[in-house]
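To keep things clear, I will list the structure first and then write my remarks on it.
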Amino acid sequence: MGRVICVGLGPGDPDLMSLRAYRLISSARQVAFFRKAGRAGQARQIVEGMLCDDVHELAMEYPVTTEIPVSDPEYNRLLAAFYDDWAARLADLAQAEDVVVLCEGDPFFYGSFMHLQSRLEGRAEVEIVPGITGMSGCWTASGQPITWGDDVLTVLAATLPEDDLTRRAADTDALVVMKIGRNLPKLRRALKRAGRLSDAWLVERGTMPGQSVRRLEEVEGPVPYFSIALVHGQGRRP
């Protein structure tokens with residue numbers, strides 16, 4: 001009897017992976033990872049060169065990503081069926097041996113594996129290996145502490161409505177905004193309305209090759225979905 005083991009890979013730099021994660025990945029016979037159809041998959045790229053020679057790779061390709069709006073009922077139907085199917089397949093594989101599932105960042109922080117975990121309950125033993133979050137990799141890349149003293153940190157998804165982004169950005173000391181991509185114009189408007197735009201930074205590809213740290217108000221072009229915006233707290237200091 002095996003397990004389904006979800007391994008947090010950290011923010012992108014393989015050197016920031018835990019020793020436990022590395023040991024599990026390098027000895028795994030079954031490795032599954034999420035990716036967009038036609039892409040190599042960021043998680044798979046992070047572990048390049050770590051897998052054993054006889055590993056069996058399982059590419060879990062999303063049926064939809066940004067092709068239709070999240071609010072479209074078809075979006076939820078397609079993804080629910082996708083997670084149902086893969087939970088069943090992983091549970092079957094785990095009857096015989098361990099299956100390692102790769103997850104960028106930390107599995108329990110906006111990770112896709114959470115949707116599999118709930119479906120695997122009672123069907124397979126599940127283990128989670130935590131990882132450094134993408135946001136901590138990004139605020140470290142900015143060279144500034146994200147919080148001081150009693151600062152309150154708020155984490156938002158840029159997919160929220162503009163009014164919600166504005167309200168929450170105005171009512172916090174330090175701010176992290178994830179899942180930006182095509183939501184950048186909306187986020188820029190929300191931060192301007194909240195009076196936080198001039199203090200905001202955008203980190204692209206944090207800890208990875210091609211890392212970029214820029215003031216958000218200076219960014220015009222499209223940005224990757226997994227870019228992260230930061231507003232650093234300026235609270236109590238000795």
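Just so you know, residue 1 is the first one in the sequence shown, and it goes up from there.
- The two residues D151 and Q234 make their nearest non-hydrogen contact at OD2-N, 3.3 Å.
- No hydrogens or angles considered: nothing links the side chains of R39 and Q42 as a donor-acceptor pair under 3.5 Å.
- Of the possible polar contacts, none joining the T133 side chain to the D106 backbone as a donor-acceptor pair under 3.5 Å is found.
- The number of heavy-atom neighbours closer than 6.0 Å to CZ of R123, taken from other residues, nucleotides and ligands shown, is above 12.
- Rounding to the nearest 0.5 Å gives a distance of 5.0 Å between CD of E217 and CG of L197.
- In terms of heavy atoms, A87 sits closest to R119 at CB-CB, 3.6 Å.
- More than 12 heavy atoms of other shown residues, nucleotides or ligands fall within 6.0 angstrom of atom NZ in K186.
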| task | Determine, stepwise, if the pair V177 / I228 fulfils side-chain contact (heavy atoms from CB on, under 4.5 Å). | result | CA-CA 6 Å; V177 186; I228 290 180; over 6 Å; no
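- No more than 12 heavy atoms of other residues, nucleotides or ligands shown are found within 6.0 angstrom of CD on E121.
- Hydrophobic clustering (ILVMFWY, side-chain heavy atoms < 4.5 Å, transitive): L9 and V31 are in one cluster.
- The list of ring pair (Phe, Tyr, Trp, His ring centres under 6.0 Å) pairs with a residue in residues 4-58, not counting sequence neighbours, reads F34-Y62.
- Atom OG1 of T172 and atom CZ of R167 lie 12.0 Å apart (nearest 0.5 Å).
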| request: Could you give me the CA-CA distance, side-chain angles and deciding distance for R89 and D85, then say whether salt bridge (charged side-chain N to carboxylate O under 4.0 Å, His left out) is met? | output: CA-CA 6 Å; R89 294 170 69 175; D85 176 58; 3.5 Å; yes
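- Under the 3.5 Å distance criterion, with hydrogens and angles disregarded, a donor-acceptor pair is assigned to the side chains of Q30 and E97.
- In this structure, the separation between CG on L202 and OG on S142 is 11.5 Å, given to the nearest 0.5 Å.
- Separating the CG atom in L51 from the CG atom in L102 is a distance of 7.5 Å, to the nearest 0.5 Å.
- The neighbour count for D53 CG, taken as heavy atoms of other residues, nucleotides or ligands under 6.0 Å away, does not exceed 12.
- A heavy-atom distance below 4.5 Å is not found between the side chains of D173 and W148.
- Residues P63 and L78 approach most closely at CG-O, 3.7 Å, considering heavy atoms.
- Paired with E48 under the rule side-chain contact (heavy atoms from CB on, under 4.5 Å), one option of M50, R44, Q45 passes, and it is R44.
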